[in-house]
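Inspection log for the structure reproduced underneath, given as structure tokens.
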Amino acid sequence: MDRFIYADNAATTQLSPKVLEKMMPYLTNEYGNASSLYGFGQNSKQAIVAARESIANCLHCKPNEVYFTSGGSEADNWAIKMIAKEQAKKGKKHIISTAFEHHAVLHSLNALKEEGFEITLLPVYENGIIHVEDLENAIREDTALVTIMFANNEIGTIQPIKEVGAICKAHHVYFHTDAVQAVGHLPIDFVDMNIDLLSMSGHKFHGPKGIGALIIRNGIRFANLIDGGSQERNRRAGTENTAGIVGISEALKLALENLEQTNTSIIQKRNRIISELLKIEKSRLNGDANTRLPGNINISFEGIEGESLLLYLDMKGICASSGSACTSGSLDPSHVLLSIGLPHEIAHGSLRLTISESTTDEDVDYIIESVPQVVDRLRKMSPLWEKIKLEEGKE
Amino acid sequence: MASVYSEKVMDHFANPRNVGEIKDADGVGEVGNAVCGDIMKMYIKVKDGKIEDVKFKTFGCGSAIATSSMATELIKGKPIEEALQLTNKAVVEALDGLPAHKLHCSVLAEQAIKAALADYYTRQGIDPKPLIGDIPETCEGCCSH
Ligand SMILES: Cc1ncc(COP(=O)(O)O)c(C=O)c1O
């Protein structure tokens, strides 16, 4: 294959070589257990302490508010289920979320529903952004938790997190945000945004897979995740993943170093791809045009199906993603695309490209050249496209 | 590089055989629907009791395109009676298998051929029902809508 363009950075990212370099000692010579008293163990302990401090600095929280987990899904499950358990003791069994959360959140909420919790899912409207008035109206006496994602993983839309935080604070309701797609890509201030709990995952910003964190504001009562040793302040037992912890903290530090500059450049490329691909007839951008993650492009093309689009792009060396049923592994297209009101047949024809700082102008050119070719090829063999054109002719 | 599909499926997807339309077709069949994400349309030309030519158009995933292509290959040049006997299983075998959740694509391909043959019989003034049976209108149970 002569070309390889990775445009699926929302799925996962390449580990930064600088991050790997920082991790290497803890995968090789520095294998001591951080809980051990001797100096060799304390080397690992120091690395973990430093990583915790660095993450706290990056997110403007306190080091003892950082709890390492195996990733975003674990952090989401922990936050939601453990707050729910605690709040249920006070008779609070109502949770507010949105219709287009990640499955780690939605399926956790479904599990709680089975236990008698009532879930309100806020609408996300055509542009994929909640209205804070809907949140105000949904909060009740017995609301235990509000969980709203920072940025959506499919359509990239960014939610008004600071306003949500302020509303939750005013109503004395806990606020959790799944910030897996936002950490390392957007500036985040845990205190200023009035966030109580925040989930993050290392592999979404050029860190390693299998490491994440839940930030839990001090003073919140919540149940332990794993009982055992005293790691993570007795809350999540188990010998620490030292290399992973060092890796996630280094990746975050690097990601934020030139964030504004990096984002300006990514946004420029993103907008070029969007405006070029929207020149394809009967295409539409999914999610708000401006309030979206710097690297996210999500476009639907009528008359074609997403999986075949991805396979032809793969043959051209482009890695991308789609919300079609065939790629979601279920019978329906993505719940995110349905939540913004896309009809099934248009949701099936969606393409998500998520670019990063390593996407070059040449890559952008190649994408802009390849996607229309593939769409055209598929439309030429599509009886649905034939119908769409026929109906257009009648109008 | 690794793939979710067999080499045969990828070959038929990358280079689908018999794509297109037949303007003066003797039979045309269409199955599936847009909501479920796959539609197959088959055109046949019959001469001396044989499928002289066959073409297809498909909206759908990689395996929908590959099964359409393989199904057309399997019936091209064959007597109608033989084409009628084509099963989805034969299509799957000819493709060296399909992932379990894609088997419905092969069912659709079989139905599309049958629908085209039914149309052919109807045009000949022959009731296709005793020969072919009922062809489901939509891909039932294919999605929640
Ligand atoms: C918004 C969101 N939440 C949670 C997750 C799950 O994260 P992880 O893969 O680290 O468990 C993902 C990643 O797929 C995500 O995009």
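Computed from heavy atoms alone, side chains included, the values below leave out hydrogens, waters and symmetry copies. So that the names make sense, note that chain A is the first sequence line, chain B the second, and so on, each numbered from 1.
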[Y] and [X] side chains, donor-acceptor separation under 3.5 Å:
X: T147(A); Y: D178(A); answer: no
X: H102(A); Y: Q181(A); answer: no
X: S108(A); Y: N77(A); answer: yes
X: T12(A); Y: K209(A); answer: yes

Under 4.5 Å from any heavy atom of chain B, what part of [X] do you find: side chain, backbone, both or neither?
X: I304(A); answer: backbone
X: R377(A); answer: side chain
X: K380(A); answer: backbone

Problem set entry | Residue list, side chain to side chain donor-acceptor pair (under 3.5 Å) with N9(A), at least two apart or on another chain | none

For residues 40-50 of chain B, dump all side-chain donor-acceptor pairs below 3.5 Å to protein atoms at least two apart in sequence or in another chain.
unit_1, atom_1, unit_2, atom_2, d
K41(B), NZ, E386(A), OE2, 3.2
K45(B), NZ, D24(B), O, 2.8
K45(B), NZ, D24(B), OD2, 3.4

For this session: Spell out, as yes or no, whether a donor-acceptor pair under 3.5 Å connects the side chain of S322(A) to the backbone of E307(A).
Result: no

For this session: State whether the side chain of T13(A) and the backbone N or O of H206(A) hold a donor-acceptor pair below 3.5 Å, judged by distance alone.
Result: yes

Seminar exercise, completed: Ordered numerically, the heavy-atom neighbours of chain B under 4.5 Å found in residues 364-372 of chain A are none

For this session: Kindly give the heavy-atom pair with the smallest separation between N296(A) and G156(A), and that separation in Å.
Result: ND2-N, 3.4 Å

For this session: Heavy atoms only: give me the nearest F13(B)-Y312(A) pair and the separation to one decimal.
Result: O-OH, 2.7 Å

For this session: Inspect the contact between E154(A) and R352(A) and indicate whether a charged nitrogen and a carboxylate oxygen are less than 4.0 angstrom apart.
Result: no

Problem set entry | Salt bridge present between R17(B) and D11(B) (N-O < 4.0 angstrom) | yes

Seminar exercise, completed: Assert top hit (heavy-atom pairs under 4.5 Å, partner chain A, pool I39(B), T58(B), V4(B)) equals T58(B)

Exercise. For the candidates P99(B), G20(B), A14(B), S3(B), which exhibits the highest count of non-hydrogen atom pairs separated by less than 4.5 Å from chain A?
Worked result: A14(B)

Seminar exercise, completed: Taking a cut-off of under 4.5 angstrom between non-hydrogen atoms, the residues of residues 63-95 of chain B near chain A are S63(B), I65(B)

